[in-house]
Amino acid sequence: MTIHADHSAPETAVEDQAADVRTKFGISVEDYMLPARHQIQMVNPDGTLRSHDEQGTEPGHEYPTPSDAELMAAYEQLVVGRRVNDQNSALVRQGRMAVYPSSHGQEACQVAAAMCLSEGDWLFPTYRDAVAVMTRGVDPVEVMTIFRGDWHGGYDPKEHNVGIQCTPLTTQLLHAVGVAHAAKLRGENTVVMAMCGDGATSEGDFHEALNFAAVFHLPVIFFVQNNKYAISVPLSHQSVAPSLAHKAVGYGMAGERVDGNDLVALLAVMDRAVKLAREGSGPLLIEAHTYRMQAHTNADDATRYRPDSEVAEWQAKDPLARMNSYLTDKGLLDDAASERIASHAEAVATQLREGLGEDVPVQPLDLFKYVFAKQTPQLKEQSELLASELARAESADNTGSESAK
């Protein structure tokens, strides 16, 4: 007989989950796992609040509106994120950053992912989630260090409970599951946010991470930012599932889909997901429908694989303009608040310009110092060879300087 991760038979575990769902939500476990029939959306693209009947909620998939204080704090991070994206694109053109994967248009997803977590929780971002890492409290210059081509990730993951931004696709999901498993074994009340894109759902690591998290009933939220393209490959060439959120039921976890350009809905859905995970409901899969307005990176030409009309369609759904209109109509955002927020965003942009404009002293021997904890004989030999060459070059420079005198 196969033994379940909590040392009970799987049939018993499934029955217990079904009973818990019926008690908590009054619905079947299947209705709990399957996403609501329509994506959760609370605010229209023009900034008007949708009626409750239009928000896509159903029994067991109900979301209270976030508080005014949370909305204002999130909007400020949204403005900062947009300014940072635009500033970094300029720094790349100036040669002060090697590469930058802009999240212009996806900032609402990243702000919500970071803001819903508590201090002791963990965030595992992708290479495109710099705004989420900043929103988590990491110094902006440290966040961008990796994109200037330095040898390290820029910040201490343990200090901020934020994994280093991963360029390899989907590897961070396995790291996230490992941290969640360790936290559960230690009895810690930790929730882990594992971020990825739609392209990541085609990777084997995605399957392994979700399956392990479900079997061991771990407090992980798998947050898929579906921006419609895996670089140039459209979603239709990756999956024909009704939605990526529908993949959740195959692993025995709950799935939900939300408008990824609606910050109000994102905060509501993510806050509830974290609450459920912390209460012991196990992992969840959240799919946010959004769009990458700019190219994959500065090395990409997005015009080769998507039409201008598609970009224009999504421009009208911009999360920043939508939230600005909503908060203004609600009476929460006035000229003074807008000016204060814009000033904060500009200060962050200035910090980035100044920080990334400083020359970093080059230490060639660092090439060998951090590859292994204990240096291999080959690396030791190569390191000593480079050191001798550097010494000879320095000696020659000093001799030349003396001769010039």
Do the side chains of S102 and R292 get nearer than 4.5 Å, heavy atoms only?
no
Would you check if T57 and Y63 make a side-chain contact, meaning some heavy-atom pair closer than 4.5 Å?
yes
Thinking salt bridges, do [X] and [Y] make one under a 4.0 Å N-O criterion?
| X | Y | result |
| --- | --- | --- |
| E358 | R353 | no |
| K369 | D366 | yes |
| K228 | E310 | no |

Check the side chains of [Y] and [X] for a donor-acceptor pair under 3.5 angstrom, ignoring hydrogens and angles.
| X | Y | answer |
| --- | --- | --- |
| D262 | Q41 | no |
| S51 | D53 | no |
| T290 | N227 | no |
| D129 | T126 | yes |

Verify the neighbour count for atom [atom1] of [X]: are there more than 12 heavy atoms of other residues, nucleotides or ligands below 6.0 Å?
| X | atom1 | answer |
| --- | --- | --- |
| H152 | NE2 | yes |
| D335 | CG | no |
| D308 | CG | no |

Do side-chain atoms of T48 reach the backbone of N44 as a donor and acceptor pair under 3.5 angstrom?
no
Rounding to 0.5 Å, atoms CG (D198) and CZ (F206) come to a distance of 10.5 Å
Just how far is it from atom CD of E256 to atom CG of L34, taken to the nearest 0.5 Å?
10.0 Å
Proximity of F25 and H61 rings by center, below 6.0 Å
no
What pairs of donor and acceptor atoms, side-chain ones from residues 109-117 against any protein atom, are under 3.5 angstrom apart with sequence neighbours left out?
from	atom 1	to	atom 2	distance (Å)
Q110	OE1	V131	N	3.1
Q110	OE1	A132	N	3.2
Q110	NE2	S103	OG	3.3
Q110	NE2	R128	O	2.9

Candidate pair W122 and M193, rule side chain to side chain contact (heavy atoms under 4.5 Å, CB included), full reasoning
CA-CA 6 Å; W122 272 83; M193 179 69 63; over 6 Å; no
Identify every side-chain donor-acceptor pair in residues 317-324 under 3.5 Å, counting partners at least two apart or on other chains, and give the distances.
from	atom 1	to	atom 2	distance (Å)
D318	OD1	R82	NH1	3.2
D318	OD1	R82	NH2	2.8
D318	OD2	L320	N	3.2
D318	OD2	A321	N	2.9
R322	NH1	V43	O	3.0
R322	NH1	D259	OD2	2.9
R322	NH2	K317	O	3.4
N324	ND2	Y75	OH	2.8

R340 and E76: CA distance, side-chain angles, deciding distance, salt bridge (Lys or Arg N to Asp or Glu O under 4.0 Å) verdict
CA-CA 9 Å; R340 178 187 62 79; E76 182 164 351; 3.1 Å; yes
Give the C-alpha distance, both sets of side-chain angles, the deciding distance and a yes or no for salt bridge (Lys or Arg N to Asp or Glu O under 4.0 Å) between E279 and K24.
CA-CA 11 Å; E279 290 174 348; K24 187 176 292 187; 3.6 Å; yes
